Every structure is written in C-alpha cells, then in structure tokens.
Protein chains: 2
Amino acid sequence: MPKLRTAIVDDHPIVIEGLKALLSNEANLKIVGGFYSGEALLSYLDTHALDLILLDITLPDMNGIELCQKIKAVSLTTSILILSNHTERSIIMQAIQNGASGYLLKNSSIDELRYCIAEAVKGQICYSKEITEIISRPTRNELQGPPRLTRREKEILSLIAAGKTSQVIGQELFLSPLTVDTHRKNLIQKFGVKNVAELIMVAVQQQIL
Amino acid sequence: MPKLRTAIVDDHPIVIEGLKALLSNEANLKIVGGFYSGEALLSYLDTHALDLILLDITLPDMNGIELCQKIKAVSLTTSILILSNHTERSIIMQAIQNGASGYLLKNSSIDELRYCIAEAVKGQICYSKEITEIISRPTRNELQGPPRLTRREKEILSLIAAGKTSQVIGQELFLSPLTVDTHRKNLIQKFGVKNVAELIMVAVQQQIL
DNA sequence: CAAAAAATACCTAATAATGGGTAGATAAAA
DNA sequence: TTTTATCTACCCATTATTAGGTATTTTTTG
C-alpha cells in the first residue's frame, strides 16, 4: 500500500513543523508539503494529487471552511481533517457540511490524530473526544425558544446585568447572597450558557433584557 | 424648640422598628408614625403635619421617588430623607430632583443619619459618604460616547460575550491568558463598568456587540 | 387539599475574575 | 525620527463565580 500523500495548511510555522515531526514516524503517510495560506495549497493542488490535508480554520487569506469547499471542488477524493482551536459548534458543523472528514482540537493526543486519519481515509467522519462532546450538547438556543423565568429570576438577572455581585444584590433584595447565587446558577442552567457574560448576551438577543 | 415630628415609610417592619429604636433617644425629634406603604403615609398627611419623613425607595404601592413628589405637593415644608439600598446614580439624582433633601444607604452609621437629619431640616441637601462617592463619579456613559476599542479589544470582547474564559481565549488566539486578562481589564476600565456582566450589557446598548 | 413550582439557604471545593500595579516590544503617526 | 499607541506578559492579593450537590419553607395551581 502506497503512503498517503499528506499536506498541512496552517498559518503558524510552529504548528506545521510540530505536525511534521509528530507524523514523520508514521509508516502509512508522507508529508509532502506545508502551506501557510489557502492560495498556496490550492496552487499546489493544481499540479499534484493529495490523499489527505490537515487544515486549520484560521488562515491569512480565507477561512478553512471556504478552503474545504474549494479543495473538494478540485479533488473530491482528498480527505480533509480540520485541526483547530475553535470550539464553536457552528464552525464544526459548517466544516463537516463543506466536506471535512473530521475535526480535532490542536491539543488532541497523537493517538486521536492517528485514529482520525485512519477513519478519514476510510471515508468515515471522525471527531476528537472533546469535539464529540460539543456536538452532542446542542445549545438550548438551537433547540427551544427562550426559557421561562420566574419573577425573582428576572429581577436578579437585571441586577446582574447592572454589574452587581451576589453580595450587593443580596443586600438590595434582603436576601442571603447564597440565595442569589442559587438563582444565578439556575439562570445559567436555564439558558444553557457557560457564565454571566454569555448569559447577558443571550438574554439580550432573546429580548429578555 | 419643639421636637421634629417624624414619620418612617418602609415596607419592612423590621426597618421601621429598628429606626424607631435608634432614634428614640434623640432629643430633638419624635417618631409619630411608621407606614408600610405610600398611600398609608399620604392619608396620614391629610390630617397631620410632619417635619421630617424617612423614606425607602422600594414600596409596595408606588416607588419612593413618586411618593417624594406627592409629599412635596401636599406639604412643601416637610423635609424628606431617602433611606435605601439602591446605589444607582440615576435613582439618587431622581430622588433629589423630586424634592428629597438627602440620601443615605441603610448601612449608614447613626452619626451620619443624625447629621443628615440636622442638615435636611436646615434646608441643606446631604448625602452619606458612599452616596457622595457615587454621585461624584458619573458613569463615563453619561459623559462621553462609546470608548474607542482597538482591534484586539474588539476581538476579545466578542469572545468574552461568547462565554469564554481568559484561558480558552488565550488558547484560541495563541496568547497568554495573562494577556487576555489585561485586555479584559482594559475593556472594563474603558467602559467604566464593574464587571463583564455590565460590560456586555453596555457594549450591546452602545451597539458595539 | 395534595402536588408541583418557586424561593430560600446552606455545603464544599475548584476555578475565574478583579484591582492595583509594572514593563518590554512593536507598530503607527506626527 | 521621536513620540504615542498597542500588544504583549507578568506580579500580588483579594473577591467572585461556578459546579456539584442538599434541603426546608412558601406559594401556586390543578
């Protein structure tokens, strides 16, 4: 079996060199090129065939999703693995939609990378552990409408938005700060967000604030 | 000199009793009534004269600012002191605009209260220490337009709004989390807000997010 | 009235944010 | 070519938030 002709596209030279080093011992593949931009890769593809491309999302001239499309338009048999630090669900989904065979975070283990490469060339789609988790937990935003808030929760939400801490809110509402913490926790859970910054953002978008 | 006829309006019985106890030893005033609602006070005022009213902002039937107006409409010579936990500059200003002679937080010392009562009946306007501080530090929002953000700051602001921590942002932008912390700090300072919750809120209002 | 929902309050422990700096390296403008 | 702005990164110390609970008391509602 011939070795997989593999290219790496990343705007960070260090990442390219790192990957080259990591993959140099792999028996079944050969790194035939490292590119800093989408255009550089595309012009290489004009004259050479590739079996596998490891692709970053952030590139100087175009984003990785766009590049995915263009690669697939030129060479449908080339497998693409995204290697990125972006954890947004929407980006991951878009990448797959546009022809990527997998998505890994840059801190993935070499074993995960090896496994995903194997799956990708077999035509399977493959994600690293963390990515799988992100995908299987869709934002409640994407699922339902805005959550129902109780009177107290609305009250506390707007005080949080005013920059007040649990302690201050507790004083104003004659509540224990621990109670305010509980309401804060419930708000974060109900909205399915990670912290108050996102909470405020989503609440504004859903016109609750 | 006759004692000042004084009333207390607060929806919390405990506060009323506490104030009564605190002020019972004052030689120059006499608590003639405690009321849980604005209406209760107003109907008392129909038949009795008052020299001083200690007023809360949060009341069951109307807010303290509204009540201020109504009191002054009926009895211009009555001095009003606001005793509240609300620290919003706008509320303080509105209270004064509507006839209050002073504003204290509920955790003010008895000395501050005594002093402000004396000033109020002399016709002076008087604030407790913390209130003075709030007033003399107007929100930058009230002063100027939206702050100028650098490219990096805008970038980090939107990542914060997406609920990401400094660590995650650092990973995505290939920066030290400490650097992200610095940008975060600068954002909070530029907007003149207290924390990210308020930061996001204000940024949305000023259409930066 | 019984059951469900909401509001209250606590626990522990880990992680994150905030406030007060300082400071060097680049990059842009005067 | 200086000055100015931006970006970078760190120090220290304190406070706040978050995540994982549990549990009692009020209110509301079927």
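Worth saying up front: this structure is predicted, and the values here are computed from it rather than measured.
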Asks: Grab the CZ-P distance between Arg152(B) and dT26(C) for me, whole Å please.
Replies: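 Answer to the nearest Å: 15 Å.
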
Asks: Within the pair Gln167(A) and dA16(D), is there a side-chain N or O less than 4.0 Å away from OP1 or OP2?
Replies: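 The answer is yes; a side-chain N or O of Gln167(A) sits under 4.0 Å from OP1 or OP2.
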
Asks: Roughly, in whole Å, what's the span from NZ in Lys164(A) to C1' in dT18(C)?
Replies: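 For the pair Lys164(A) NZ and dT18(C) C1', the rounded distance is 19 Å.
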
Asks: Among the candidates dA17(C), dT18(C), dT17(D), find the nucleotide nearest to the side-chain atoms of Ile188(B).
Replies: dT18(C)

Asks: What is the separation between atom CG on Asn186(B) and atom C1' on dC10(D), rounded to the nearest whole Å?
Replies: 14 Å

Asks: dA5(C), OP1 or OP2 - any side-chain N/O from Thr150(A) closer than 4.0 Å?
Replies: no

Asks: Is it the case that the base of dG20(D) and the side chain of Lys185(A) share a donor-acceptor contact (distance under 3.5 Å, atom types as modelled)?
Replies: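 Answer is yes: a donor-acceptor pair is held.
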
Asks: Whole Å only: how far is the CG atom of Leu173(A) from the P atom of dA9(C)?
Replies: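 About 11 Å, once rounded to whole Å.
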
Asks: Please determine whether a side-chain nitrogen or oxygen atom of His183(A) lies at a distance below 4.0 Å from atom OP1 or OP2 of dT8(C).
Replies: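 Yes, such a contact exists.
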
Asks: In terms of the nearest nucleotide of DNA chain D, which residue is placed more toward the 5' end: Ser176(B) or Leu149(B)?
Replies: Leu149(B)

Asks: When rounded to the nearest 0.5 angstrom, what is the spacing between CD in Gln205(B) and CD in Glu198(B)?
Replies: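 Atom-to-atom, Gln205(B):CD and Glu198(B):CD are 9.0 Å apart.
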
Asks: Return yes if a side-chain donor-acceptor contact under 3.5 Å exists between His183(A) and Thr150(A), otherwise no.
Replies: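 Side-chain D/A pair, His183(A) to Thr150(A): absent.
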
Asks: Looking at CD1 of Ile65(A) and CD of Gln94(A), how far apart are the two atoms once the value is rounded to the nearest 0.5 Å?
Replies: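 The distance works out to 4.0 Å.
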
Asks: Round to a whole Å and report the spacing from CG of Leu178(B) to C1' of dT22(C).
Replies: 13 Å

Asks: Would you indicate, yes or no, if dA9(D) has its OP1 or OP2 atom less than 4.0 angstrom from a side-chain nitrogen or oxygen of Thr179(B)?
Replies: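 Answer yes for this pair, as a side-chain N or O of Thr179(B) is under 4.0 Å from OP1 or OP2.
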
Asks: Using whole Å, what does the distance between atom P of nucleotide dT18(C) and atom CG of Leu199(B) come to?
Replies: 9 Å

Asks: On DNA chain C, check which nucleotide each of Asn195(B) and Pro177(A) is closest to and give me the residue with the more 5' one.
Replies: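 With Asn195(B) and Pro177(A) compared, the 5'-side residue is Pro177(A).
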
Asks: Distance from Lys122(A) atom NZ to Ser79(A) atom OG, nearest 0.5 Å?
Replies: 12.0 Å

Asks: Tell me which of Thr182(B) and Arg151(B) sits closer to the 5' end of DNA chain C, going by the nucleotide each one is nearest to.
Replies: Thr182(B)

Asks: May I have the distance from Lys194(A) (atom NZ) to dT15(C) (atom P), rounded to whole angstrom?
Replies: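 Taking atom P of dT15(C) as the reference, NZ of Lys194(A) is at 18 Å.
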
Asks: Verify the neighbour count for atom OH of Tyr44(A): are there more than 12 heavy atoms of other residues, nucleotides or ligands below 6.0 Å?
Replies: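 Yes, OH of Tyr44(A) has more than 12 neighbouring heavy atoms, counting only those of other groups under 6.0 Å.
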
Asks: Mind calculating the distance between CG (Asp181(B)) and P (dC10(D)) to the nearest angstrom?
Replies: 11 Å

Asks: Any side-chain N or O of Arg184(B) below 4.0 angstrom from OP1/OP2 of dT18(C)?
Replies: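 Checking Arg184(B) against dT18(C): at least one side-chain N or O falls below 4.0 Å of OP1 or OP2.
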
